[in-house]
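Working notes, beginning with the structure itself.
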Amino acid sequence: MIAAPPPPVVAPSAVVFGRVAVHVGPRTRRVEVWADGRRRSSMGVRSGPRRVSVGLPVGRWQIVLRAIGAGGSSHSTGRVMWVLPRSGGRAGTTDGRLDTRLQRDIERLAAGFPAVSGIYAQHLITGCGAAINAAAPFPAASTLKAAILLDAVRRPAGASDALLDEMILNSSDRAANQVLAIQGGGDGVLGAARVTETLRAVGVTEALVRRPYILDDDTKRAGSIPLEVTSQPALSTNFLASPVEMARLMISLHRGAIGVGKVRALGVRAETARGQILRRLLEVRDRTKLVAGIPSGLPIAHKTGYTTEVKHDVGVIYTRTGPVVVAVMTWSASGVADAQGDPFIASVGRAAIARLGGGGRCG
């Protein structure tokens with residue numbers, strides 16, 4: 001009697017770019033991909049134990065692989081995975097070139113918004129993009145929790161997975177302060193200084209983290225993307241960043257996840273960046289801003305930030321043609337209501353993907 005092939009062994013990864021490495025045992029003739037209980041694809045396998053690359057559908061899935069042979073079949077252990085488009089695994093370019101149509105679109109949106117705003121958007125393969133008021137510093141609010149996460153992953157000091165999840169997925173200020181204290185050896189201000197040091201190490205030269213969060217119970221060159229300050233908020237904050245610098249941070253985190261750039265130079269391996277950083281940013285629970293403006297199901301690794309005075313969202317959107325970074329920051333001394341800020345940020349995301357989803361056309 002012919003025995004069934006052994007279960008496939010899937011390379012452990014929380015985030016993959018289109019494909020996953022699988023080891024199949026002897027007697028395997030075919031491998032099927034099952035995502036959330038539905039068969040999505042099937043591929044033939046040559047005889048013998050071997051390592052194969054298996055394509056997966058884009059999205060967040062409970063993935064099970066089935067090995068089929070003459071003697072029957074067996075299944076891998078189910079694994080939750082974020083599957084991003086294969087194009088997301090390309091290094092692309094960090095140089096930006098102006099897309100004049102997108103520039104007109106975001107200028108029109110910003111002109112109709114009744115508060116100070118800053119925008120930066122760029123396709124990370126073609127370099128096409130646009131910006132307005134992108135060099136203006138804003139109170140960064142929770143967006144710089146992405147930098148706290150990077151520091152905690154770069155030099156682990158004892159912050160638990162649960163604490164990091166609470167800081168990023170739920171945007172908890174209290175959890176962020178605990179992480180800062182851990183990173184500072186018990187001193188949150190020292191932890192904040194170390195996060196700022198990490199920002200400098202990945203090329204973010206002006207954004208900074210001064211000290212822990214205050215809790216509620218505590219008292220133009222032609223053809224280039226324009227980086228300028230046309231207006232800016234009054235600044236009295238412990239967390240400071242501009243749209244272009246938040247975009248640069250997100251680009252660094254994305255490039256670290258594919259094993260290149262300054263995050264890699266800090267000693268953070270690609271698998272660690274994908275599992276510890278990118279996975280958390282993909283699972284941020286605030287879906288009211290950039291997420292609300294882009295097509296349903298399009299993966300986005302992002303971090304929102306909001307107070308009475310500010311509404312922000314910054315992230316990398318994984319499109320079929322490649323990743324698109326979008327950073328939108330807003331401020332008003334009289335306050336930016338959810339009903340104002342959230343739809344505005346969504347509209348910028350919608351405009352960016354409408355223009356850059358196909359790669360953009362640089363002027």
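- A 4.5 Å side-chain heavy-atom check between Ile68 and Val31 finds every atom pair outside the cut-off.
- Ring geometry for Phe113 against Phe344 counts as parallel: the plane angle stays under 30°, on a 0 to 90° scale with 60° as the upper cut.
- Every residue meeting the side chain to side chain contact (heavy atoms under 4.5 Å, CB included) condition with Arg50, not counting sequence neighbours, appears here in chain and number order: Val24, Val45, Arg46, Val52.
- Judged as a side chain to side chain donor-acceptor pair (under 3.5 Å), and not counting sequence neighbours, Ser296 has no contacts.
- Within the structure, side-chain hydrogen bond (donor to acceptor under 3.5 Å, both in side chains) contacts touching residues 81-91 (residues at least two apart or in different chains) are Trp82-Glu283.
- Atom OG1 of residue Thr307 and atom CD1 of residue Ile214 lie 11.0 Å apart, to the nearest 0.5 angstrom.
- The side chain to side chain donor-acceptor pair (under 3.5 Å) search around Ser42 returns Arg30, not counting sequence neighbours.
- Taking the side chain as every heavy atom from C-beta outward, Leu278 and Tyr318 approach each other to under 4.5 Å.
- Cluster partners of Tyr306 are absent, since no Ile, Leu, Val, Met, Phe, Trp or Tyr has side-chain heavy atoms less than 4.5 Å from it.
- Pro12 is linked by a side chain to side chain contact (heavy atoms under 4.5 Å, CB included) to Arg79, counting only residues two or more places apart in sequence or in another chain.
- To the nearest 0.5 Å, atom CD of residue Glu245 and atom CG of residue Leu240 are 8.5 Å apart.
- Residues meeting the side chain to side chain contact (heavy atoms under 4.5 Å, CB included) test with Ala14, sequence neighbours left out: Arg279.
- Under the side chain to side chain donor-acceptor pair (under 3.5 Å) criterion, Arg66 pairs with Glu32, Ser73, sequence neighbours left out.
- Taking 4.5 Å as the limit, every side-chain heavy atom of Ile119 sits out of range of all side-chain heavy atoms of Pro243.
- Listed by first then second residue, pairs satisfying side-chain hydrogen bond (donor to acceptor under 3.5 Å, both in side chains) with a partner in residues 8-24 read Arg19-Ser53, not counting sequence neighbours.
- Judged by distance alone, the side chains of Asp286 and Thr288 do bring a donor and an acceptor atom under 3.5 Å apart.
- Contact check for Arg174 versus Leu215: side-chain heavy atoms found under the 4.5 Å cut-off.
- Partners of Arg280 according to the side chain to side chain contact (heavy atoms under 4.5 Å, CB included) rule, which considers only residues two or more places apart in sequence or in another chain, are Leu149, Asp161, Leu164, Asp165, Ile168, Leu169, Gln276.
- Contact of the Met246 side chain with the Met329 side chain is registered, since non-hydrogen atoms from C-beta on lie closer than 4.5 Å.
- Gln62 places no side-chain N or O within 3.5 Å of a backbone atom of Gly37 that could act as its donor or acceptor partner.
- Side chains of Glu309 and Ser332: a donor-acceptor N/O pair is absent below 3.5 angstrom, by distance only.
- Between Thr93 and Ile125 the shortest side-chain heavy-atom distance does not fall below 4.5 Å.
- Checked against side chain to side chain donor-acceptor pair (under 3.5 Å), His312 has no partners two or more places apart in sequence or in another chain.
- Within the structure, side-chain hydrogen bond (donor to acceptor under 3.5 Å, both in side chains) contacts touching residues 134-153 (residues at least two apart or in different chains) are Ser142-Lys145, Ser142-Ser171, Lys145-Ser171, Lys145-Asp173, Asp151-Arg155, Asp151-Gln183, Asp151-Thr198.
- With a 4.5 Å cut-off on side-chain heavy atoms, Leu180 and Ile148 count as touching.
- With Ile317 as the fixed residue, the side-chain contact (heavy atoms from CB on, under 4.5 Å) test singles out one of Val291, Val325, Ile294: Ile294.
- Remark: Asp105 does not engage Arg355 in a salt bridge, criterion side-chain N to carboxylate O under 4.0 Å.
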